[in-house]
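First up is the structure itself, then whatever we jot down about it.
Atoms within a ligand are numbered from 1 in the order they appear, just like the ligands themselves.
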Amino acid sequence: MPTTVVVGLQYGDEGKGKIVDMLAQEADVVVRYNGGANAGHTIVIDSGTYKLHLVPSGILNPGVRICVIGNGAVIDPDELLREIAMLEALGITVKGRFLISSNAHLVMPWHRKADEIMERLSGKHKIGSTGRGIGPCYTEKVARSGFRAEALRDPDAMRRRMVELMEDSAARARSPFSALIYAADGFQLDRDIQRWCAELGPYVADTDTLVRAEWKKGSRILLEAAQGTMIDLDYGSYPKVTSSYATAAGACIGSGLPPTAIERVVGVVKAYTTRVGEGPFPTEMEYCDVGERLRQAGNEFGTTTGRSRRCGWLDLPMVRYAAAVNGVTEIMLTKLDVLSGFEMFCAATCYKQEIIGGDKAKDMKIISELTASDINGSSGAYPLFKFYPGWSESIANEKDWTRLDKNARHCVEDWERHFGVRISAVATGPHRGAIIWR
Ligand code: IMP
């Protein structure tokens with residue numbers, strides 16, 4: 001397997017967990033390179049259904065030698081300890097094959113508190129954050145005042161820095177959220193530091209050096225993104241985005257591999273669109289029963305927060321934008337089976353936009369390539385839809401392209417033309433084996 005990055009080409013929740021789990025069957029090393037416990041990856045295999053937030057989905061494949069949380073990700077120690085305990089209770093080996101980058105930042109209890117307060121105070125400007133402390137943690141990373149995982153190697157030094165933050169106003173001035181240490185729910189300085197360091201310290205390593213060494217010796221490396229391109233900090237619908245780089249470029253920053261190492265970029269696209277939280281969603285269908293029907297059929301409820309996802313049709317120009325940003329070399333389509341039973345369904349094929357300085361009523365132009373201002377909703381462009389005939393029989397768990405309903409095949413081929421990128425696989429159910437290779 002060439003060095004491969006897996007990214008989401010929509011707003012997250014495209015079904016990357018299943019694709020990573022499948023590709024990991026051929027990988028030696030899997031690296032999760034961005035985001036934190038705001039992500040939720042659901043993987044269904046014979047032994048059960050697993051929901052992971054931090055540990056790379058590759059851990060479920062015994063053949064994967066090393067699983068890494070890279071320096072681009074942020075780690076909530078309590079959440080990670082819960083996840084490790086859950087995996088070990090299920091008989092999945094974590095010790096000896098799991099590592100944390102010493103440069104990854106730690107999400108502290110006061111970051112979660114800051115998230116909660118900021119969302120509460122933001123009123124109509126709120127982002128709809130998952131409340132996992134992600135924005136505040138990355139804010140402190142950029143402000144150069146955060147705690148890196150390397151702190152887990154030395155509990156005394158970690159304690160000294162925290163006490164300094166509590167007592168020294170000069171130290172506090174450098175750390176945007178440190179005043180909230182006192183308000184952090186349930187945080188107990190000595191108990192928590194001792195536990196985090198004792199239990200997580202042994203996993204901390206200089207993983208970027210290790211990942212580069214594995215690459216040099218020819219190991220098969222899989223880099224796993226969390227979230228999706230449309231909520232990437234720079235390329236998404238800013239400011240309604242997450243605080244990390246969910247795009248393929250983020251894979252290098254977040255893992256330590258150089259850009260020249262990346263050979264294959266797999267973009268994951270769901271056959272319709274969902275979004276959790278606030279922000280523009282041009283093809284949303286919440287004002288009619290389509291949104292609810294997609295939500296129920298696709299079980300569109302958040303893995304992390306349980307929130308209902310907003311649902312709508314596939315947005316082909318948006319995916320094309322995301323495919324270009326990521327330089328995807330192939331697309332894997334997920335959840336096509338969810339469209340079974342729709343007599344007709346839609347996808348946006350282009351956008352209509354007012355001509356600046358023109359007559360609002362009639363001077364419009366059709367655009368098929370979106371720009372950053374179309375993505376963040378400031379250009380006023382809106383989507384135009386194409387109707388597709390549906391299919392009545394379920395296609396769930398289908399594995400054979402030639403046996404797939406002809407209308408389903410036609411829509412995949414049409415979407416492939418719109419994407420300008422080959423659709424190499426079509427997932428037809430949550431189970432690992434429910435996939436058609438084309
Ligand atoms: P935060 O990163 O938790 O602060 O959330 C910022 C925005 O990104 C919110 O709209 C969240 O709903 C969204 N978001 C964060 N993580 C995910 C994810 O894994 N899937 C989908 N949306 C996410």
request  = State the atoms of ligand 1, each with its element, that fall below the 4.0 Å cut-off from a heavy-atom position in Gly128.
outcome  = 9 (C), 10 (O), 11 (C), 12 (O)

ask   = Do NZ/NE/NH1/NH2 and the carboxylate oxygens of Arg120 and Glu116 come within less than 4.0 Å?
value = yes

query = Below 4.0 Å from any atom of ligand 1, is there a heavy atom belonging to Thr305?
reply = no

request  = Do me a favour and list the nearest non-hydrogen protein atom to atom 1 (P) of ligand 1 with residue, atom name and distance?
outcome  = Ser129 OG, 3.6 Å

ask   = Which ligand 1 atoms, with their elements, are less than 4.0 angstrom from a heavy-atom of Asp13?
value = 20 (N), 21 (C)

query = Can you tell me which residue and heavy atom of the protein come closest to atom 6 (C) of ligand 1, and the distance to 0.1 Å?
reply = Val241 O, 3.5 Å

inquiry  = Heavy atoms only: which of Gln227, Met230, Glu278, Lys126 lies closest to atom 16 (N) of ligand 1?
reply    = Gln227

request  = With heavy atoms of Gly277 as the reference, note each atom of ligand 1 found under 4.0 Å away.
outcome  = 10 (O), 12 (O)

note = The closest protein heavy-atom partner of atom 2 (O) of ligand 1 is Thr242 OG1, 2.6 Å

ask   = Which residues satisfy the ring-ring contact (aromatic ring centres under 6.0 Å, His included) test with Phe187, sequence neighbours excluded?
value = Trp110

ask   = Does a side-chain N-to-carboxylate-O contact under 4.0 Å join Asp21 and Arg432?
value = yes

Electrostatic pair Lys335-Glu300, nearest N-O below 4.0 angstrom = yes

key: Pro176 side chain near Glu140 side chain, heavy-atom distance below 4.5 Å   = yes

Nearest non-hydrogen protein atom, atom 15 (C) of ligand 1 = Asn38 ND2, 3.8 Å

query = Can you check side-chain hydrogen bond (donor to acceptor under 3.5 Å, both in side chains) on Asp337 and Thr428, steps first, answer last?
reply = CA-CA 5 Å; Asp337 53 302; Thr428 52; 5.8 Å; no

Atom 3 (O) of ligand 1: the protein heavy-atom neighbour that sits closest, reported with distance to 0.1 Å = Thr130 OG1, 2.5 Å

note = The ring-ring contact (aromatic ring centres under 6.0 Å, His included) partners of Trp215 (sequence neighbours excluded) come to none

query = For ligand 1, which atoms have a heavy atom of Tyr11 less than 4.0 angstrom away?
reply = 21 (C), 22 (N)

inquiry  = Could you identify the single nearest non-hydrogen protein atom to atom 22 (N) of ligand 1 and state the distance to 0.1 Å?
reply    = Val276 CG2, 3.4 Å

key: Asp78/Arg82 ion pair, N-O < 4.0 Å   = no

message = Can you tell me which portion of Arg307 lies within the under-4.0 Å heavy-atom range of ligand 1? Options are side chain, backbone, both, or neither.
response = side chain

task = Of the side chain and backbone of Ile231, name the one, both, or neither that has a heavy atom under 4.0 Å from an atom of ligand 1.
result = side chain

query = Would Asp76 and Arg132 pass as an ion pair if we require N to O under 4.0 Å?
reply = no

